[in-house]
Asks: 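Let me give you the structure first, and then I'll get to my questions.
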2 protein chains.
Amino acid sequence: MNSRRTSPPQAGKSPAAGTSPWRARRRDRELKREAVIHAAARAFNRKGYHNTSLDDIATALEVTKPTVYYYVTNKEHLLFQCFLAGIAPIRAAFREVKDQQAPARERLAAVLRHYGEAVASEFGWCMVRAEDQDLSPAMSRHIKALKSEIDQGIRRLLREGVQDGSIEPCDPKMTAFALAGALNWIAHWYREDRSLTPGEIAAAFVTIFEGGLRPRSASQAATRAPLRRRVRIAR
Amino acid sequence: MNSRRTSPPQAGKSPAAGTSPWRARRRDRELKREAVIHAAARAFNRKGYHNTSLDDIATALEVTKPTVYYYVTNKEHLLFQCFLAGIAPIRAAFREVKDQQAPARERLAAVLRHYGEAVASEFGWCMVRAEDQDLSPAMSRHIKALKSEIDQGIRRLLREGVQDGSIEPCDPKMTAFALAGALNWIAHWYREDRSLTPGEIAAAFVTIFEGGLRPRSASQAATRAPLRRRVRIAR
DNA sequence: TAGAATATCTACTCATGAGTATGATCGAGG
DNA sequence: CCTCGATCATACTCATGAGTAGATATTCTA
């Protein structure tokens, strides 16, 4: 972008970038566009959509605002692009699982793992928090449709699981909300606390969803009897 | 509020007032303050914090902006008050359950039910979405501490449940994140879709959390064949 | 090597919204 | 009836940030 700067432009800045992208990709408009979107996602992720100005994004790229506008039409479209980047791996997971033969619970678990990883990614925040409130009606409809598609995909897998016996009978709608909600929320706390990798988190969540809180090993009795008093572990 | 307006002022507004609020100044002021906070919560809930101006809130109360500022110091404090109102019932639930004798899983379920209802309330959005990003450092610390308190409360109940055998052994931290996340997310969708009451939603979620997706009745085989044979619950 | 694209910057406009200075109005006490 | 404090409105200030106009530099092409 700043190909005519005299001082060595971004050495040291944008640490995750590895090598300076602007030199190698000088002429590649699409790559630059993606860099803009990626920088926006990082900024939105860190400070939130409303607390991020396009000047911030431009500064992060060591560029000025009009340059950003040269690659994206406006802030809303920028958020939308981040959203698309965020849901892409989830949609891919659905496709990947589409014609597998495994029981639906396992296919669902695979999707949820990808889902969790996507939410924990740098685009996760944008995916999860692209609010209708912040968007024009048209864009809002668009995003809502894409979100609904994912929701329906989860519900379908749940229904199939109940059918094939791999999932306990349940209300698909509420269950899908619960699963997606738990995973979406990762985007809110996987900023401070990075003690686990996205993959580990996703796996842990799937385990929790599948197992449930109530013990399965019929080892003791505290589980069902309503008026029971505390019981020592029988272990 | 608009006590000198000619039209009947707040008949229908601030319904809980009961007796003539104009007698005791002190009490009256407090009621109006609460009305401001409630109106703010409604507005934030509907349009989001950043898309709500204090003029909006004032208009909703049929008042002007300086009047709002007469009751709250600034927008941030207003959000904070909404937050406090949102978490109050949750903290109450923890207290209520504190010295019960029921197994921890049941106490946790009770807390989660109140949690879910709180999130679905009008203050739910403010509770869930009071972001550090939008707040001054001091306020951010304050809110974070209060959220953490709730988180730790859930973890403690989980640990106790594992101890007393009413909860399957699990990672309390991840499990607490999953539970709280699923419930928090209610605030995002319980706007359009009100087909269930908050109580029903909370109950449904607790059922899902407790049971898990994997079937418990040993009815069929698609589930887990390898390491586990199905066991009847010894009730 | 002169244009023609392409890419980027400087320097704006303009709307919005938080927060305030100041004055008007009302009820109550003297 | 008159003043005082509490309450509320009018009419501002001021900062911020989205988006743009127009100039400038760089590279490509003929």
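Each chain gets a letter, A, B and so on, in the order its sequence line appears, and its residues count up from 1.
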Asks: Using the test salt bridge (Lys or Arg N to Asp or Glu O under 4.0 Å), find all partners of E149(B) that sit at least two apart in sequence or belong to another chain.
Replies: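 R91(B).
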
Asks: Taking everything shown except H142(A) itself, do over 12 heavy atoms lie less than 6.0 Å from its NE2?
Replies: no

Asks: For the helix from dT1(C)-dA30(D) to dG30(C)-dC1(D), what angle separates the axis at the start from the axis at the finish, each from five pairs, in steps of 10°?
Replies: 10°

Asks: Among dA9(D), dC8(D), dC9(C), which is the nearest nucleotide to the side chain of T64(B)?
Replies: dA9(D)

Asks: Rounded to whole angstroms, how far apart are CD on E62(A) and C1' on dT8(C)?
Replies: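 So the two atoms are 14 Å apart, to the nearest Å.
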
Asks: Could you check whether the rings of W185(A) and H188(A) sit parallel, tilted or perpendicular, using 30° and 60° as the cut-offs?
Replies: parallel

Asks: Ignoring backbone atoms, test whether Y71(B) places a side-chain nitrogen or oxygen under 4.0 Å from the OP1 or OP2 oxygen of dT7(D).
Replies: no

Asks: Strictly below 4.0 Å, N to O, side chains only: are R156(A) and E160(A) in salt-bridge contact?
Replies: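 Salt bridge: yes.
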
Asks: For F209(B) and A182(B), which heavy atoms make the closest approach, and how far apart are they?
Replies: CZ-CB, 3.5 Å

Asks: Taking salt bridge (Lys or Arg N to Asp or Glu O under 4.0 Å) as the criterion, tell me which of R42(A), K65(A), K47(A) meets it with D56(A).
Replies: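 Checked R42(A), K65(A), K47(A) against D56(A); only one passes salt bridge (Lys or Arg N to Asp or Glu O under 4.0 Å): K47(A).
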
Asks: For R33(B) and dA6(D), what is the distance between atoms CZ and P respectively, to the nearest whole Å?
Replies: 17 Å

Asks: For R29(A) and dA7(C), is the shortest distance between a side-chain N/O and OP1 or OP2 below 4.0 Å?
Replies: yes

Asks: Just the table, please: protein N/O against nucleotides 18-20 of chain C N/O, every pair under 3.5 Å.
Replies:
| from | atom 1 | to | atom 2 | distance (Å) |
| --- | --- | --- | --- | --- |
| dA18(C) | OP1 | T52(B) | O | 3.4 |
| dA18(C) | OP1 | K75(B) | NZ | 2.8 |
| dA18(C) | OP2 | L54(B) | N | 2.9 |
| dA18(C) | N7 | K65(B) | NZ | 3.0 |
| dG19(C) | OP2 | Y69(B) | OH | 2.9 |
| dG19(C) | OP2 | K75(B) | N | 3.2 |
| dG19(C) | N7 | K65(B) | NZ | 2.9 |
| dG19(C) | O6 | K65(B) | NZ | 2.7 |

Asks: So does T67(A) get a side-chain nitrogen or oxygen closer than 4.0 Å to the phosphate oxygens (OP1/OP2) of dC9(C)?
Replies: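 So the side-chain polar atoms of T67(A) do come within 4.0 Å of the phosphate oxygens OP1 or OP2 of dC9(C), strictly under.
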
Asks: Hey, does V36(B) have a side-chain heavy atom less than 4.5 Å from the side chain of V63(B)?
Replies: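 With C-beta onward as the side chain, the pair stays apart.
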
Asks: Could you report the tightest heavy-atom contact between Q133(B) and R191(A), atom names first, then the distance?
Replies: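 Q133(B) and R191(A) have their closest heavy atoms at NE2-NH1, 2.6 Å.
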
Asks: Under 4.0 Å from OP1 or OP2 of dA7(C): is there any side-chain N or O of Y70(A) that close?
Replies: yes

